[in-house]
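This report refers to the structure that appears directly beneath it.
FYI, side chains are in, hydrogens and waters are out, and symmetry mates aren't considered; it's all heavy atoms of this structure.
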Amino acid sequence: MTTDTPARLLQLLSLLQTPREWPGGELADRLGVSRRTVRRDIDRLRELGYPVQATMGSDGGYRLVAGKAMPPLVLDDEEAVAIAVGLRAGAGHALEGVDEASVRALAKLEQVLPARLRHRVSTLQAATTPLTSGDGASIAPETLTVMASTVAGQERLRFAYRAKDGTESRRLTEPYRLVSTGRRWYLVAYDLDRQDWRTFRVDRVRDPFATGARFAPRELPTGSAAEYLRRSIHGRADARTYEYDVTFEAPAELVAARLPSWLGTPTPDHAHDGDQNGSVNGSSNSNSNSNSNSNGETREGGCRLRGSTSDPVEWVAVRLAMLGYEFSVREPRELIDCVRELGGRLERAAATKGGSGGEGDRSRG
């Protein structure tokens, strides 16, 4: 019999969080108490905000249902490890949907994980390699959790930082927010040495250390960390924002499945003409009458992608080519020229001395 009421409530809560209905008699047997004690414990859980639903019957039953608020969860060892591994795998890549809230959840979970479970999580992560569709650099989850903890606790953060030109420095900051762009994680923070606000790419951060020194948050000039980051990126001397317009000879849903979210969402375009506005075809094969692409997938209509970015046109050209679908660039002129140059370079690379990929190779039936 469990005589410790708090421990018994936790055990009862753990049972109720299993998605099933528990007869009162079975709960009493599991806990080693009377049915009357089970009813009192159910009332205590309800007072704490857990929506426990009771059903009528000869034995009666209890089920935990969805409520108006999110009450604390009780996880067993296996559940805690599974959630931590999943959050770590996602947090290491700036994937769409894995935002600051996910990193905060990981930080909270790892803070309370016993040492034995933390070791299991690290071992599992070290033994597995996730196949992700993100284009950003991988980040150690420990780096994100340390940063998230200092943001939440308003604690000064010290770290080593490598700038774009390779310059190494040590930074002492008052972290404000972590921001995900869909490709990368950034830290918006007040740099105490430079007495000004700064943004830091998290994949260039090493050895983050929470100093323990608390601070009162300063007022961010833009009011929003996301807006400050946007202005910071677009305000760089080498970051010119440009509009792009691209058509694909493939359905929008197929292109969207392979297209990074930061490039936008394609829309159906059944009447596109790849030769308009000086556009260039993104394939070395100019036969537009083919009914399948290089992946052997049938094309049914086309789609169009329009958006803006400050990424180098070279990077966008390569990313479009990697999708594996025929495409044409309508604008801008810089991207058109880049795709044309890339196509020529790839075609020359395929034309080896032995003739493979050349005229002799193409003539074989």
Q.
Run the side-chain contact (heavy atoms from CB on, under 4.5 Å) test against Asp165 and tell me which residues pass, sequence neighbours left out.
A.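 Asp165: side-chain contact (heavy atoms from CB on, under 4.5 Å) contacts with Ala163, Thr167.
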
**Q.** Residues which pass side-chain contact (heavy atoms from CB on, under 4.5 Å) with Glu168, listed by chain and number, not counting sequence neighbours
**A.**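 side-chain contact (heavy atoms from CB on, under 4.5 Å) list for Glu168, sorted by chain: Arg162, Arg206.
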
Q) When Phe200 is tested against each of Tyr190, Tyr161, Tyr176 for ring-ring contact (aromatic ring centres under 6.0 Å, His included), which residue passes? A)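 Considering Tyr190, Tyr161, Tyr176, a ring-ring contact (aromatic ring centres under 6.0 Å, His included) with Phe200 is found only for Tyr161.
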
Quick check: do [X] and [Y] have side-chain heavy atoms less than 4.5 Å from each other?
X      : Y      : result
Val246 : Ser328 : no
Glu26  : Asp29  : no
Leu64  : Pro51  : yes
Arg39  : Tyr62  : yes
Thr173 : Arg156 : no
Asp337 : Glu341 : no
Leu157 : Met147 : yes
Leu12  : Leu45  : yes

Q | With sequence neighbours excluded, residues passing side-chain hydrogen bond (donor to acceptor under 3.5 Å, both in side chains) with Glu227 | A |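 Arg230, Arg231.
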
Q.
Walk me through whether Val255 and Leu305 qualify under side-chain contact (heavy atoms from CB on, under 4.5 Å).
A. CA-CA 10 Å; Val255 175; Leu305 175 69; over 6 Å; no

Q: Examine the side chains of Thr55 and Glu21 and answer whether a donor and an acceptor come within less than 3.5 Å of each other.
A: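 Note: Thr55 and Glu21 side chains meet the donor-acceptor criterion.
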
[X] bridged to [Y] by N-O distance under 4.0 Å:
X      : Y      : answer
Arg198 : Asp196 : yes
Asp43  : Arg40  : no
Glu243 : Arg306 : no

Q: Decide side-chain contact (heavy atoms from CB on, under 4.5 Å) for Thr247 and Arg330; before the verdict, give the C-alpha distance in whole Å, the side-chain angles of both, and the deciding distance to 0.1 Å.
A: CA-CA 8 Å; Thr247 56; Arg330 294 172 174 242; 3.2 Å; yes

Q | Backbone N/O of Leu15 and side chain of Trp22: donor-acceptor pair under 3.5 Å | A |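 Between the backbone of Leu15 and the side chain of Trp22 there is a qualifying donor-acceptor contact (under 3.5 Å).
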
**Q.** Geometric cation-pi criterion, Arg171 with Phe159: 6.0 Å, 45°
**A.**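 Checked: cation-pi criterion not met.
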
Q: Tell me, with the steps shown, if Val313 and Tyr242 meet side-chain contact (heavy atoms from CB on, under 4.5 Å).
A: CA-CA 9 Å; Val313 291; Tyr242 57 91; 3.6 Å; yes

Q. Honestly curious: do Leu172 and Val188 fall in one hydrophobic cluster under the side-chain, below-4.5 Å linking rule?
A.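 Leu172 and Val188: one cluster.
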
**Q.** CA sep, side-chain torsions, deciding dist, call: Tyr244, Thr309, side-chain contact (heavy atoms from CB on, under 4.5 Å)
**A.** CA-CA 8 Å; Tyr244 52 83; Thr309 183; 3.7 Å; yes

